[in-house]
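All remarks here apply to the structure that follows.
Just so it is clear: chains get the letters A, B, ... in the order the sequence lines come, proteins before strands, and each one is counted from 1. What you see is a predicted model, and the numbers here were worked out from it, not measured in a lab.
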Protein chains: 2
Amino acid sequence: MKDVASLAGVSEISVSRVMRNAPNISKKLRDRVMEAANSLSYTPNRVAGALKNQSSNLVAVVLPSMSNEVFSSVLDGIESVLNDQGLHAVLGLSEYDTERELKVIRELLSWSPMGIILTGLHHQDPIPGMIEQLGIPVVQIMDIEGTPIGSAVGISHSDAAIGAADYLHDKGYRKIGYIGAWSEKPERSKARRLAFEARLSDLGTPLVASIISEERSSATVGSQSTAALLQQAPEIDCIFYANDDLALGGLFHALSAGINVPGELGLLGFNGIEIGKATPIPLSSIETPRFEMGREAAKLLLSSKENGNRIKDLSFKISGGKTA
Amino acid sequence: MKDVASLAGVSEISVSRVMRNAPNISKKLRDRVMEAANSLSYTPNRVAGALKNQSSNLVAVVLPSMSNEVFSSVLDGIESVLNDQGLHAVLGLSEYDTERELKVIRELLSWSPMGIILTGLHHQDPIPGMIEQLGIPVVQIMDIEGTPIGSAVGISHSDAAIGAADYLHDKGYRKIGYIGAWSEKPERSKARRLAFEARLSDLGTPLVASIISEERSSATVGSQSTAALLQQAPEIDCIFYANDDLALGGLFHALSAGINVPGELGLLGFNGIEIGKATPIPLSSIETPRFEMGREAAKLLLSSKENGNRIKDLSFKISGGKTA
DNA sequence: CATTAAAATGACAACGTTACCAATATCTGC
DNA sequence: GCAGATATTGGTAACGTTGTCATTTTAATG
């Protein structure tokens, strides 16, 4: 900055003001400084700026995993808002591990981010305090059932489960099964299953059987689990899946095994991923607004100074697929 | 830090040394400081540290998009290495736009990252200079055909195209078509198509027809394009796709239309995504090591101090699918 | 136990910005 | 043309660390 200042024949502070276009700068001076800055290809050092300001243009984003299209969509949504504002996401992955999550949050907070986005509402004791100490806005995503630290954007997973149960019941399915995976790692999926089971019981057609694989969700696991579940309980006429990867696997199994879908076996996924719309029989699914969730999270973060903390239910919808 | 120092009855610098476990600290002092730090729940301010050190624990990662499973896998691979080292990715998305990419790179560099990972080898004039000015390592991913700024990890897309052409030719296909999308946005895919076409010509069975949709790649677009291409050139006995989303769409179209795959129509995708392994007929595809690419990129970045710049060809393999 | 080497601790000045206040130039209205 | 207001510029001191060097303490040696 010193070099730019002396080349332009002005003080450093003026260079600073020009670079972040602060008010009350004459056009003459601005032009002179810009020219000098360009000729030296000077870029302001944000680290120094952040140190002085006690805040930065970074947003800490803590997600459980990147190998799940749900979270990459969410991140995409977040970035779509941040990038336009000249903000940047610093990423931390918890891998569904609370210890690790704490460590990651601590490290990210040490960068004085201007805000933080967390996944889920489960955050325990030291975390809310740490964030409050910095006085930055927090948005928690995915779930809205619980007590958020700050704002929250997501859907009600128990509502979604009830919606699924009612939908399948309305369609006439009476012997319903459930398939999950990865030991129900995102604990939201467990809550969803429990609400689903409870609703089915209320409807008088309790869950017939279920399989929760220990492996990570994938179409392959979905296919295998479906075969296994149908062997274990042949009377099943419909399966609700923890996510679309599993459901697609189920659909592929049915197609291969010549099982009539949705007549002989109904299939309902969760999330509504794009590929499910193109399968020979389009997958029925509970569509969740993942990209939108990211966008809203980022927007809430940016506006929380004026608007304070909010809870935003983005709600789901049941897709017009043909498998259930 | 001052508070911790006075609580522990030591100097600030000693606190600093304990926090980043520098050598030559007695156990007694370390314990005392740690206790004080914990009781005040003190976290070092990395911004200040980075300013002093002129380098941080951030790694700038510039990708074209997050709505493509290729890049989320790559990012996953990058994070899997970084997180273990206490490093963090700061993300920038170019949206396949060179202007935007330049802006993003500039902003990320102003954070004094300890390294930067870029996508592709196309980076023009100001960029190499800007990076060199900081003296930090660069790794470019996806492609290795060209002149990298620093290190590069990826595959040879022309080799992959040649491999695809040879494979299909060996299988007896003679009337081959091609389907791409999104105006061949990642320019690598165009290079790949051209190499594919050239090889087919050399083999004496030039490309029969192709469709490059302007829409973003998706199974839906793949399905539509496949129908359109077959109508346009019914003699086609095989289609090579720019990616697996498109190819899966093609497969779904074939399944719906009752086209015999791979007898009547062969299908070959690109990338080898997981879901293709579970379809009723497993998708044949050129498998690319996306996760591994991210891992290697991060590793190269970390080791480039000792090992200097390298070019790493991770190579592809043709999957054991059944659609071609 | 003196002497020297090594280990442990501390003081101070940066790192590159920007907030705060002071100083100067420019513009009003009468 | 002048006081007073306003717009524009500059000076100085932080922000919270850490590298360098100085100082103190501890250990090692004969």
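Close to D:dG16, at under 4.0 Å from its OP1 or OP2, lies a side-chain N or O of A:Gln54. Look at B:Ser26 and you'll find a side-chain N or O under 4.0 angstrom from OP1 or OP2 of C:dT9. For D:dG19, the OP1/OP2 oxygens have a side-chain nitrogen or oxygen of B:Asn53 closer than 4.0 Å. Of the side-chain N and O atoms in B:Ser14, one or more sit less than 4.0 angstrom from OP1 or OP2 of C:dG10. Residue A:Arg20 places at least one side-chain N or O under 4.0 Å from the OP1 or OP2 atom of C:dT18.
Across all strands shown, B:Asn24 has heavy atoms under 4.0 Å from base atoms, whether or not it also approaches the sugar-phosphate. If you check every strand for non-hydrogen atoms under 4.0 Å, B:Val10 touches sugar and phosphate atoms only.
Taking for each of B:Ala48 and B:Glu12 the nucleotide of DNA chain C with the nearest heavy atom, the 5'-most of the two is the partner of B:Glu12.
Ion pairing between a basic and an acidic side chain is recognised when a charged N comes within 4.0 Å of a carboxylate O; B:Arg100 and A:Asp84 show such pairing.
In this structure, B:Ile13 places its CD1 atom 8 Å from P of D:dG19, rounding to the nearest Å. At whole-Å resolution of the value, NZ in A:Lys52 and P in D:dC15 are 7 Å apart. Rounded to a whole Å, the CG atom of B:Leu29 is 14 Å from the P atom of D:dT25. Atom NZ of A:Lys2 is separated from atom P of D:dG11 by 14 Å (rounded to the nearest Å). Atom CE in B:Met1 sits about 14 Å away from atom C1' in C:dT9, given to the nearest Å. Distance B:Lys27 NZ to D:dA27 C1': 19 Å, rounded to the nearest Å. The CD1-P distance, from A:Ile25 to D:dA7, rounds to 13 Å in whole Å. Rounded to whole Å, atom C1' of C:dA8 lies 8 Å from atom CZ of B:Arg17.
Judged purely by distance below 3.5 Å, without hydrogens or angles, the side chains of B:Glu145 and B:His157 never pair a donor atom with an acceptor atom.
Rounding to the nearest 0.5 Å places CZ of A:Arg17 at 11.0 Å from CZ of A:Arg30. Rounding to the nearest 0.5 Å gives a distance of 11.5 Å between CG of B:Leu102 and OG of B:Ser94.
The side chain of B:Asn45 has D:dT17 as its nearest neighbour among D:dC15, D:dT17, C:dT18.
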CA sep, side-chain torsions, deciding dist, call: A:Val153, A:Ile144, side-chain contact (heavy atoms from CB on, under 4.5 Å): CA-CA 6 Å; A:Val153 199; A:Ile144 54 166; 5.8 Å; no
